[in-house]
Novice: 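Quick one: this structure, given as structure tokens, is what I'll be asking you about.
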Amino acid sequence: MTEQSPGPARTPRIALVGDRSPAVTSHARVPRLLDALADRDGLVVDAYWVGTEDAVEPGAVAGFDGVWLLPGSPYRSEAGALAAVRTARERGIPFLATCAGFQHTLLEYARHVCGLPAAAHAETDPDADPDDLVIARLACALAGHEGVVRLAPGSLAERVTGAERSVERYQCVYGPAGRHLETLRAHGLRFSGEDEAGEVRIVELPGHPFFLATLFQPELAGDGTRAHPMVRAFAAATARRVR
């Protein structure tokens with residue numbers, strides 16, 4: 001009996017979840033980074049834009065090998081952004097979230113894992129009770145800011161970055177409110193990166209194949225000709241899922 005060799009591996013499919021706009025710098029940068037991953041690292045992925053209004057549909061991102069929740073808030077559909085996070089979290093789909101994606105990752109976790117249905121984001125719900133804010137307006141906006149991030153030893157963030165600290169770029173005005181951080185931690189979310197003031201800047205989910213969210217924007221690192229290690233690790237995780 002002749003053995004048949006396996007066919008060629010399928011190319012991983014990534015959902016870029018966000019409301020694509022030329023006004024959002026990262027939306028223009030990400031396709032270039034994916035090209036660089038193919039050229040420099042041999043990591044080829046097929047990327048598809050999924051607007052947040054489309055992401056709200058059941059199973060909208062379930063068939064993808066990776067989900068990247070991109071910046072660009074306020075999203076047209078907060079529900080769609082949260083649905084993308086939840087699908088990736090519950091189905092073990094490699095997940096990356098940056099800037100507003102980080103903020104909505106915390107919001108989704110607070111509502112659906114921590115049992116805080118009133119958890120709110122100050123940008124989209126400015127009249128919310130301050131006690132319900134998981135994401136608040138930062139006292140000092142980080143738009144255009146660059147700063148050091150310390151990575152927790154043994155964390156996914158440290159492993160993929162290969163360093164104990166890194167310098168990262170931000171474009172955000174909102175960040176995690178301190179009131180609910182211990183609740184998020186107690187329910188399994190790991191805070192794996194802090195700035196020099198001790199503020200949370202990276203979260204991850206132990207036990208998930210790849211689940212990483214950063215308040216900074218790794219897609220803005222460098223000149224766009226080489227992907228940030230976290231972006232590279234995310235793409236590699238999608239390839240592992242296909243295999």
Novice: Does this structure show an ion pair linking Arg10 with Asp65, if we count only N-O contacts that are shorter than 4.0 Å?
Specialist: yes
Novice: Tell me whether Val44 is reachable from Leu37 by hopping between hydrophobic residues (I, L, V, M, F, W, Y) whose side-chain heavy atoms are closer than 4.5 Å.
Specialist: no
Novice: With distance as the sole test, does Arg159 use its side chain to make a donor-acceptor pair with the main-chain N or O of Pro153 at under 3.5 Å?
Specialist: no
Novice: Are Arg201 and Asp195 close enough, and set up right, to give a salt bridge (charged side-chain N to carboxylate O under 4.0 Å, His left out), and what steps lead you there?
Specialist: CA-CA 7 Å; Arg201 297 296 178 248; Asp195 67 9; 3.2 Å; yes
Novice: Are any of the side-chain heavy atoms of Asp46 and Ile14 separated by less than 4.5 Å?
Specialist: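 No - every pair of side-chain heavy atoms lies 4.5 Å or more apart.
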Novice: If you measure from CG on Asp35 to OG1 on Thr225, what distance do you get to the nearest 0.5 Å?
Specialist: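 So the CG of Asp35 and the OG1 of Thr225 are separated by 12.0 Å.
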Novice: Cluster question for you: counting only ILVMFWY and a side-chain heavy-atom cut-off of under 4.5 Å, with indirect links fine, are Leu69 and Val173 together?
Specialist: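 Linked, Leu69 and Val173 end up in one cluster.
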Novice: Quick check: do Glu199 and Leu138 have side-chain heavy atoms less than 4.5 Å from each other?
Specialist: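 Glu199 vs Leu138: side chains apart.
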Novice: Is a side-chain donor or acceptor of Arg232 paired with a backbone partner of Ala227 at a separation under 3.5 angstrom?
Specialist: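 Between the backbone of Ala227 and the side chain of Arg232 there is a qualifying donor-acceptor contact (under 3.5 Å).
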Novice: Above 12 or not: heavy atoms from other molecules or residues under 6.0 Å from CZ of Arg241?
Specialist: yes
Novice: Is a donor on one side and an acceptor on the other found under 3.5 Å between the side chain of Ser155 and the backbone of Glu158?
Specialist: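 Flag set: sc Ser155 to bb Glu158 pair under 3.5 Å.
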Novice: Once the angle between the rings of Phe234 and Trp68 is folded into 0 to 90°, is it parallel (under 30°), tilted (30 to 60°) or perpendicular (over 60°)?
Specialist: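 Rings of Phe234 and Trp68: perpendicular, as their planes differ by over 60°.
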Novice: Is a donor on one side and an acceptor on the other found under 3.5 Å between the side chain of Arg29 and the backbone of Ala221?
Specialist: yes
Novice: Just by distance, no angles: are the side chains of Asp19 and Thr52 close enough, under 3.5 Å, to form a donor-acceptor pair?
Specialist: yes
Novice: Could you tell me if the side chain of Val67 sits less than 4.5 Å from the side chain of Val17, heavy atoms only?
Specialist: yes
Novice: Given side chains that start at C-beta, do those of Phe211 and Ile93 come closer than 4.5 Å, heavy atoms only?
Specialist: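 A side-chain contact under 4.5 Å is absent here.
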Novice: Can you list the residues that meet the ring pair (Phe, Tyr, Trp, His ring centres under 6.0 Å) rule with Tyr109, with sequence neighbours excluded?
Specialist: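 Ring pair (Phe, Tyr, Trp, His ring centres under 6.0 Å) check on Tyr109 returns nothing, list empty.
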Novice: Do Leu212 and Phe95 touch side chain to side chain, with heavy atoms closer than 4.5 Å?
Specialist: no
Novice: Check whether any side-chain N or O of Asp41 sits under 3.5 Å from a backbone N or O of Leu43 as a donor-acceptor pair, and report yes or no.
Specialist: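 No, the answer is negative, given that no donor and acceptor are paired below the 3.5 Å cut-off.
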Novice: About how many Å separate CZ of Arg150 and OG of Ser192, when rounded to the nearest 0.5 Å?
Specialist: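 The OG atom of Ser192 sits 13.0 Å away from the CZ atom of Arg150.
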Novice: Is there a side-chain contact between Leu151 and Thr161 (heavy atoms, below 4.5 Å)?
Specialist: yes
Novice: Going through the distances and angles, do His27 and Leu70 end up as a side-chain contact (heavy atoms from CB on, under 4.5 Å)?
Specialist: CA-CA 8 Å; His27 292 186; Leu70 289 163; 4.1 Å; yes
Novice: Identify each donor-acceptor pair in which a side-chain atom of residues 116-128 lies under 3.5 Å from a protein atom, sequence neighbours left out, and give them as a table.
Specialist:
unit_1	atom_1	unit_2	atom_2	d
His121	ND1	Glu123	N	3.0
His121	NE2	Gln103	OE1	2.8
Glu123	OE1	Ser73	OG	2.9
Thr124	OG1	Glu78	OE1	2.9
Thr124	OG1	His121	O	3.4

Novice: What do the steps show when you test Gln171 against Thr25 for side-chain contact (heavy atoms from CB on, under 4.5 Å), and what is the final call?
Specialist: CA-CA 10 Å; Gln171 288 292 337; Thr25 304; over 6 Å; no
Novice: What class does the angle between the rings of Tyr170 and Phe216 fall in, given that below 30° is parallel, 30 to 60° is tilted and above 60° is perpendicular?
Specialist: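 Ring orientation of Tyr170 relative to Phe216: perpendicular.
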Novice: Kindly say whether Val134 contributes a backbone atom to a donor-acceptor pair with the side chain of His180 at under 3.5 angstrom?
Specialist: no
Novice: May I ask you to establish whether Arg185 and Phe191 are in a cation-pi arrangement, using a distance under 6.0 Å from NZ or CZ to the six-membered ring centre and at most 45° from the ring axis?
Specialist: no
Novice: Roughly how far apart are Leu215 CG and Cys99 SG, rounded to 0.5 Å?
Specialist: 6.0 Å
Novice: Will you find, in the side chains of Glu168 and His228, an N or O donor that is under 3.5 Å from an N or O acceptor?
Specialist: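 Yes, because at least one side-chain N or O of Glu168 sits under 3.5 Å from a partner of the opposite role on His228.
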Novice: Please tell me whether Tyr75 and His104 form a close aromatic pair, meaning their ring centres lie under 6.0 Å apart.
Specialist: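 Yes, the ring centres sit under 6.0 Å apart.
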Novice: Mark yes or no for whether His208, through its side chain, and Ala88, through its backbone, hold a donor-acceptor pair below 3.5 Å.
Specialist: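 At least one qualifying donor-acceptor pair exists.
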Novice: Please collect all side chain to side chain donor-acceptor pair (under 3.5 Å) contacts where either partner lies in residues 87-97, sequence neighbours excluded, each pair once.
Specialist: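 Side chain to side chain donor-acceptor pair (under 3.5 Å) check on residues 87-97 returns Arg86-Glu90, Arg89-Glu108.
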Novice: Side chain to side chain donor-acceptor pair (under 3.5 Å), that's the test. Do Glu53 and Ser77 meet it? Break it down for me.
Specialist: CA-CA 5 Å; Glu53 292 172 318; Ser77 172; over 6 Å; no
Novice: Out of curiosity, does Ile135 fall in the hydrophobic cluster containing Val113 (side-chain heavy atoms, cut-off under 4.5 Å, transitive links)?
Specialist: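 Yes.
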Novice: Do Val24 and Val50 belong to the same hydrophobic cluster, where Ile, Leu, Val, Met, Phe, Trp and Tyr are linked whenever their side-chain heavy atoms lie under 4.5 Å apart, directly or via other members?
Specialist: no
Novice: When rounded to the nearest 0.5 angstrom, what is the spacing between CG in Asp54 and CD in Glu57?
Specialist: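 With rounding to 0.5 Å, CG (Asp54) is 7.5 Å from CD (Glu57).
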Novice: For Arg169 and Leu220, indicate whether the former's side chain and the latter's backbone hold a donor-acceptor pair under 3.5 Å.
Specialist: yes
Novice: Testing the 3.5 Å rule here: is there a donor-acceptor pair between the side chains of Thr98 and Gln217?
Specialist: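 The criterion, which ignores hydrogens and geometry beyond distance, is not satisfied for Gln217 and Thr98.
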Novice: Check for me, please, whether Leu142 and Leu133 land in the same ILVMFWY cluster - side-chain distances under 4.5 Å, paths through other members count.
Specialist: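 Unlinked, Leu142 and Leu133 end up in two clusters.
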